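Everything on this sheet refers to the single structure shown next.
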Amino acid sequence: QVQLVESGGGLVQPGGSLRLSCAASGSIFSINTMGWYRQAPGEQRELVATITSAGSRSLVSSVTGRFTISRDNTQNTVYLQMNSLKPEDTAVYYCNADLWEIVARTQRYLEIWGQGTLVTVSS
């Protein structure tokens with residue numbers, strides 16, 4: 001079974017930094033786009049950042065200049081470096097990936113999600 005496992009969440013003061021990691025495991029042929037979403041209490045889930053297999057990146061405007069998304073294809077891992085954190089960044093962060101899973105003699109295309117990791121920005 002293909003899955004994403006997230007880590008790196010925690011409590012940080014405003015202006016601080018945090019680095020989230022998300023590792024994909026299982027029978028994977030290739031990974032296309034990986035990304036990060038976040039959801040604050042009572043709010044809609046929001047797309048934060050994406051990165052394609054070729055390295056093209058996108059960021060939501062509210063985090064541009066503060067966050068950086070990157071990936072290590074040798075480890076099937078995506079990262080989110082978060083700097084200059086603000087209280088409004090507080091949310092559960094979810095990793096997402098579109099990938100080709102190996103199934104018997106063929107492949108199937110899947111979108112999968114991590115379990116979520118809580119980021120709290122507070123004094």
Side-chain angles (χ1 to χ4, degrees):
Q1 180 180 351
V2 177
Q3 62 179 14
L4 299 174
V5 179
E6 305 173 31
S7 63
L11 175 64
V12 65
Q13 294 183 342
S17 297
L18 209 58
R19 189 192 192 210
L20 306 182
S21 299
C22 174
S25 63
S27 298
I28 299 170
F29 180 76
S30 65
I31 302 177
N32 185 20
T33 302
M34 305 186 80
W36 291 94
Y37 291 72
R38 66 185 181 185
Q39 187 167 24
E43 302 291 335
Q44 296 289 318
R45 186 170 296 187
E46 173 189 34
L47 177 62
V48 177
T50 64
I51 183 167
T52 70
S53 59
S56 297
R57 299 173 174 86
S58 69
L59 293 168
V60 69
S61 60
S62 60
V63 307
T64 299
R66 301 188 297 119
F67 290 12
T68 302
I69 187 170
S70 62
R71 64 191 283 175
D72 181 350
N73 292 327
T74 67
Q75 299 294 323
N76 289 333
T77 300
V78 63
Y79 305 94
L80 186 66
Q81 179 67 47
M82 303 183 293
N83 299 324
S84 302
L85 282 162
K86 304 175 180 179
E88 49 263 47
D89 295 319
T90 296
V92 177
Y93 284 71
Y94 296 92
C95 178
N96 171 272
D98 295 327
L99 56 82
W100 290 94
E101 179 188 27
I102 299 173
V103 181
R105 300 177 63 224
T106 187
Q107 303 87 37
R108 64 178 177 178
Y109 199 66
L110 296 176
E111 181 183 40
I112 59 174
W113 294 84
Q115 80 282 3
T117 184
L118 177 62
V119 173
T120 302
V121 185
S122 176
S123 299

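Predicted model, so just to flag it, every value in this text is computed and none were measured. In what follows, residues are counted from 1 in the order of the sequence shown.
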| Would a hydrophobic clustering, with Ile, Leu, Val, Met, Phe, Trp and Tyr connected at side-chain separations under 4.5 Å, put V5 with V2? | no
| message | Could you check whether any side-chain heavy atom of I112 comes within less than 4.5 Å of a side-chain heavy atom of L99, counting everything from C-beta outward? | response | yes
| query | Can you tell me if CD on Q115 sees more than 12 non-hydrogen neighbours from other groups inside 6.0 Å? | reply | yes
| task | Verify, without hydrogens or angle tests, whether E111 (side chain) and D98 (backbone) share a donor-acceptor contact under 3.5 angstrom. | result | no
| request: Answer yes or no: is there a side-chain heavy-atom contact under 4.5 Å between M82 and L20? | output: yes
| message | Could you check whether any side-chain heavy atom of S25 comes within less than 4.5 Å of a side-chain heavy atom of Q3, counting everything from C-beta outward? | response | yes
| said: I'd like to check L80 versus R38 (side-chain heavy atoms, cut-off strictly below 4.5 Å). Are they in contact? | reply: no
| request: Report yes if the side chains of W100 and T106 come closer than 4.5 Å at any heavy-atom pair, otherwise no. | output: no
| Under a 4.5 Å cut-off applied to non-hydrogen side-chain atoms, are V12 and S17 in contact? | no
| Heavy-atom pair of closest approach, residues G116 and V92 | CA-CG1, 3.8 Å
| said: I need the single residue from W113, Y93, Y94 that forms a ring-ring contact (aromatic ring centres under 6.0 Å, His included) with Y37. Which is it? | reply: W113
| message | Would the distance check show the side chain of Q81 and the main-chain N or O of T68 forming a donor-acceptor pair, the cut-off being under 3.5 Å? | response | no
| message | Please check: side-chain N/O of R108 versus main-chain N/O of V103, any donor-acceptor pairing under 3.5 Å? | response | no
| note | For M34 and C22, the nearest pair of non-hydrogen atoms, with its separation, is CE-O, 4.4 Å
| Donor-acceptor pair, side chain of R19 and main chain of Y79, under 3.5 angstrom | no
| task | State whether the number of non-hydrogen atoms from other residues, nucleotides or ligands found under 6.0 Å of E88 atom CD is greater than 12. | result | yes
| Would you say K86 and V121 make side-chain contact, with heavy atoms under 4.5 Å? | no
| said: In the structure I gave you, are the side-chain heavy atoms of L47 and V60 within less than 4.5 Å of one another anywhere? | reply: no
